[in-house]
Undergrad: 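Take a look at this one; I'll ask things after.
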Amino acid sequence: QMKQCQMKESQQTGSIAFPDWAYKPESSPGSRQIQLWHFILELLQKEEYQGVIAWQGDYGEFVIKDPDEVARLWGLRKCKPHMNYDKLSRALRYYYNKRILHKTKGKRFTYKFNFSKVVLVNYPLLDMASSPFLLTRTQGNERQE
DNA sequence: ATCGGAATTC
DNA sequence: GAATTCCGAT
């Protein structure tokens, strides 16, 4: 049978709430690759992963409780058997300049989503009611740093 | 642990 | 374009 990491995103996500347009824009129609921050949001949404990664502290802030496991799961999804937290965290660091994430300094393995940016720029049509963490505000008049 | 440059991959 | 891989510096 087909390995999990060989399936299309639409097939393996199953119950996940992310619509089709959430995955990689019009690149190659058949081979859309999930983005890391989508994957992070996906894990954060599932209660069974609360021992691995979970919302904690400030609004939009989350802590990676088990870095090795998150890296392993990410590697599974992307078919990268040698994925580890060192590499995954490098990818997270690239999000700093893109204003998708930033580090919560002083707190180990803790990052924070810039939801005002993420929602308004990347998910302009997202149904706010379906995601509890996307519910509150953002009128463009507060800064997120 | 965290950061970010550089080369490479798809 | 979005990582992946590798790695020296802090």
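Protein chains get the first letters and strands the later ones, always in sequence-line order, with residue 1 at the start of each. Note that the coordinates shown come from a computational prediction; the quantities given were computed from them, not determined experimentally.
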Undergrad: Please work out if A/Tyr94 contacts a base, only the sugar-phosphate, or nothing of the nucleic acid, heavy-atom cut-off 4.0 Å.
TA: base
Undergrad: Which is true for A/Tyr85 with a 4.0 Å heavy-atom rule: it touches a base, it touches only sugar-phosphate, or it touches nothing?
TA: sugar-phosphate
Undergrad: Given B/dT2, is OP1 or OP2 found less than 4.0 Å from the side-chain N or O atoms of A/Lys105?
TA: no
Undergrad: Let me know, please, whether A/Asp86 or A/Ala91 comes out on the 5' side of the other along DNA chain C by nearest nucleotide.
TA: A/Ala91
Undergrad: Can you find a heavy atom in the side chain of A/Tyr94 that is under 4.5 Å from one in the side chain of A/Ile100?
TA: no
Undergrad: For A/Leu88, which contact category applies under a 4.0 Å heavy-atom criterion: base, sugar-phosphate, or nothing?
TA: nothing
Undergrad: NA contact type, A/Arg108, heavy-atom cut-off 4.0 Å: base, sugar-phosphate, or nothing?
TA: sugar-phosphate
Undergrad: Between A/Gln33 (CD) and C/dG1 (C1'), how many Å, whole number?
TA: 12 Å
Undergrad: Checking contacts here: which listed nucleotide (C/dA2, C/dT4, C/dA3) is nearest the side-chain heavy atoms of A/Trp37?
TA: C/dA3
Undergrad: Regarding A/Arg77 and A/Glu42, does a basic nitrogen lie under 4.0 Å from an acidic carboxylate oxygen?
TA: yes
Undergrad: Nearest nucleotide by nearest heavy atom, which residue falls closer to the 5' end of DNA chain C, A/His82 or A/Lys98?
TA: A/Lys98
Undergrad: Between A/Phe113 and A/Tyr59, is any pair of side-chain heavy atoms under 4.5 Å apart?
TA: no
Undergrad: Tell whether A/Arg93 reaches the base of B/dG5 with its side chain through a donor-acceptor pair below 3.5 angstrom.
TA: no
Undergrad: Would you kindly check if the NZ (Lys) or CZ (Arg) of A/Arg99 is within the cone defined by 45 degrees around the ring axis of A/Tyr96 and under 6.0 Å from the six-membered ring centre?
TA: no
Undergrad: If you compare every side-chain N and O of A/Lys80 against the phosphate oxygens of C/dT4 (OP1, OP2), does one of them come in below 4.0 Å?
TA: no
Undergrad: Would you please confirm or rule out a distance under 4.0 Å between OP1 or OP2 of C/dT4 and any side-chain N or O of A/Lys87?
TA: no
Undergrad: Between A/Ser89 and A/Asn97, name the one whose nearest nucleotide on DNA chain B is closer to the 5' end.
TA: A/Ser89
